[in-house]
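These numbers were taken from a predicted model, which means no experiment stands behind them.
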Amino acid sequence: MPHATLPPAATAPQIKAPAGACDAHVHLVGAPADFSLWVGRVEDPAPGPDFQGYLDLYRRHLDTLGFTRGVIVHSILYGADNSITFAALRAMGPDFKGVGLLPDTATAADLDHFAANQMVALRLNYVHGGILTWEGARKLAPALADRGLHIQMLLNAHKHMGSIAADIADLPCPLVIDHLGWPDLAAGVTEPGFQTLLRLVGDGHVYVKLSALYRLCDAPYTDADAHVAALVAANPAACLWGSDWPHLMLADAQMPQASALLDAFHRAVPDPGHRQQILVTNPDTLFFA
């Protein structure tokens with residue numbers, strides 16, 4: 001089984017995040033002995049730090065970039081056993097929320113447990129696969145809405161948006177789309193799937209995370225500037241930012257420095273009001289209200 005790579009030591013960005021800022025997309029892992037890994041995983045956590053060691057690295061990452069709040073997204077490396085994410089939320093305290101994994105057969109008791117333990121969403125992965133289907137997420141959506149929970153989804157805008165756009169508009173709970181919709185940057189912002197995403201963002205049907213640019217292009221990530229700017233122009237009240245630390249399942253992507261990702265955000269989003277809205281106000285509304 002291959003191992004993930006440890007992220008580089010945190011370095012200071014050109015502009016630190018403002019007071020109250022939320023890094024809305026990270027993962028927490030540990031040594032294999034700390035928590036049970038999913039049999040269907042494609043890699044193991046990087047050797048070296050145990051769970052407490054990763055928490056220390058995470059706190060250093062937050063402090064260096066200027067973040068005081070965060071959203072911990074449960075890693076598919078652990079499947080539907082959300083124990084490590086619950087443990088991380090307990091350790092980090094009330095300024096941190098979680099996104100978990102459950103199958104289509106999730107029960108009311110499962111969702112109640114989520115709602116009672118700092119979890120705010122259920123995640124669906126259309127890119128790498130996983131344990132929840134779109135149909136399952138749609139069926140669970142009313143129960144999620146009843147508990148103040150939402151759906152978070154990883155998809156490819158150019159492959160998937162056309163087939164699910166109508167379903168998205170009908171969801172009774174919020175939908176958050178990761179990583180700019182993981183678009184085909186070479187196709188430009190006029191690509192039909194990305195245009196559909198822009199419409200849904202503009203109409204207030206979805207939030208989108210301006211995250212993981214390193215999975216789309218190489219540093220300094222200028223190739224993604226137009227897509228970031230288009231999403232912010234469509235609806236700054238529907239945008240969030242996340243580092244995707246510690247950058248698991250890299251595949252062909254280059255390991256990033258998280259400060260360079262925050263610098264890229266500031267370059268593509270020059271308006272101070274929009275920066276404040278995306279880093280502070282929007283997380284307040286979606287995660288902490």
Side-chain angles (χ1 to χ4, degrees), residues 10-26 61-73 94-97 99 120-121 148 150 152 157 168 174-183 185 188-190 194-214 216-217 219-245 256-289:
T11 61
Q14 295 175 14
I15 303 172
K16 294 189 76 169
C22 175
D23 183 345
H25 195 107
V26 304
H61 158 87
L62 293 166
D63 290 345
T64 303
L65 270 63
F67 292 91
T68 55
R69 299 185 296 172
V71 177
I72 300 171
V73 179
D95 287 333
F96 293 80
K97 302 296 183 180
V99 175
V120 293
H150 62 267
Q152 180 176 315
I168 290 172
L175 175 69
V176 178
I177 294 180
D178 293 337
H179 306 347
L180 283 68
W182 205 318
L185 295 186
V189 298
T190 60
F194 191 74
Q195 283 291 306
T196 299
L197 175 59
L198 288 176
R199 175 176 58 79
L200 290 167
V201 169
D203 290 345
H205 288 300
V206 302
Y207 287 82
V208 64
K209 291 186 181 181
L210 312 177
S211 52
L213 303 186
Y214 67 96
L216 309 176
C217 57
Y221 315 116
T222 51
D223 288 350
D225 283 359
H227 286 74
V228 172
L231 287 164
V232 175
N235 189 357
C239 295
L240 305 155
W241 185 87
S243 65
D244 198 31
W245 183 95
Q257 173 55 253
S259 60
L261 298 170
L262 186 57
D263 291 341
F265 165 76
H266 283 124
R267 179 186 64 237
V269 186
D271 183 271
H274 288 165
R275 293 173 178 175
Q276 179 76 15
Q277 188 169 26
I278 292 164
L279 296 175
V280 181
T281 308
N282 296 343
D284 277 344
T285 300
L286 183 62
F287 304 125
F288 297 98

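- Taken from CZ in Phe288 to OG1 in Thr281, the straight-line distance is 12.5 Å, to the nearest 0.5 Å.
- In this structure, Gln14 CD and Leu262 CG are separated by 9.5 Å, a value rounded to the nearest 0.5 Å.
- Side-chain atoms of Tyr207 and Ile177, non-hydrogen and from C-beta on, never get closer than 4.5 Å to each other.
- No side-chain heavy atom of Arg267 sits less than 4.5 Å from a side-chain heavy atom of Val228.
- Inter-residue side-chain proximity for Asp263 and Pro220 is flagged as unmet; no heavy-atom pair is nearer than 4.5 Å.
- Here the straight-line distance linking atom CD1 of Ile15 with atom CZ of Arg275 works out to 4.5 Å at 0.5 Å rounding.
- Side chain of Lys209 to backbone of Ser243: no donor-acceptor contact under 3.5 angstrom is found.
- Minimum interatomic distance between Leu198 and Ala234 (heavy atoms only, all atoms of both residues): O-CB, 3.8 Å.
- Among residues two or more places apart in sequence or in another chain, the salt bridge (charged side-chain N to carboxylate O under 4.0 Å, His left out) test is passed with Asp284 by Arg69.
- Between the side chain of Asn282 and the main chain of Pro236, a donor-acceptor pair closer than 3.5 Å is present.
- A donor-acceptor pair under 3.5 Å links the side-chain atoms of Asp271 to the main chain of Gly273, judged by distance alone.
- At least one side-chain heavy atom of Leu231 sits under 4.5 Å from a side-chain heavy atom of Phe194.
- Side-chain atoms of Leu62 and Thr68, non-hydrogen and from C-beta on, never get closer than 4.5 Å to each other.
- Among all heavy-atom pairs drawn from Thr190 and Gln195, the shortest one is O-CG, 3.6 Å.
- Here Phe265 contributes atom CZ and His274 contributes atom NE2; the two are 10.0 Å apart, rounded to the nearest 0.5 Å.
- Of all non-hydrogen atoms in Gly181 and Leu197, the two that sit nearest each other are CA-CD2, 4.0 Å.
- Ring pair His150/Phe287 is tilted by interplanar angle, where 30° to 60° counts as tilted.
- Under the ring pair (Phe, Tyr, Trp, His ring centres under 6.0 Å) criterion, His266 pairs with no residue, sequence neighbours left out.
- Two residues are said to be in side-chain contact when any heavy atoms from C-beta on lie closer than 4.5 Å; His179 and His25 meet this criterion.
- Across all non-hydrogen atoms, the minimal contact from Leu180 to Val208 is CA-CG2, 3.8 Å.
- Contact between Val201 and Ala238 at its shortest, heavy atoms only, is CG1-CB, 3.9 Å.
- Here the closest non-hydrogen pair linking Ala224 and Leu213 is CB-CD2, 4.0 Å.
- In summary, the side chains of Ser211 and Asp244 do not present any donor paired with an acceptor at a separation below 3.5 Å, with no hydrogens or angles considered.
- The CH2 atom of Trp245 lies 11.5 Å from the CG atom of Leu65; values are rounded to the nearest 0.5 Å.
- Residue Ser259 holds its OG atom at 10.0 Å from NE2 of His61, rounded to the nearest 0.5 Å.
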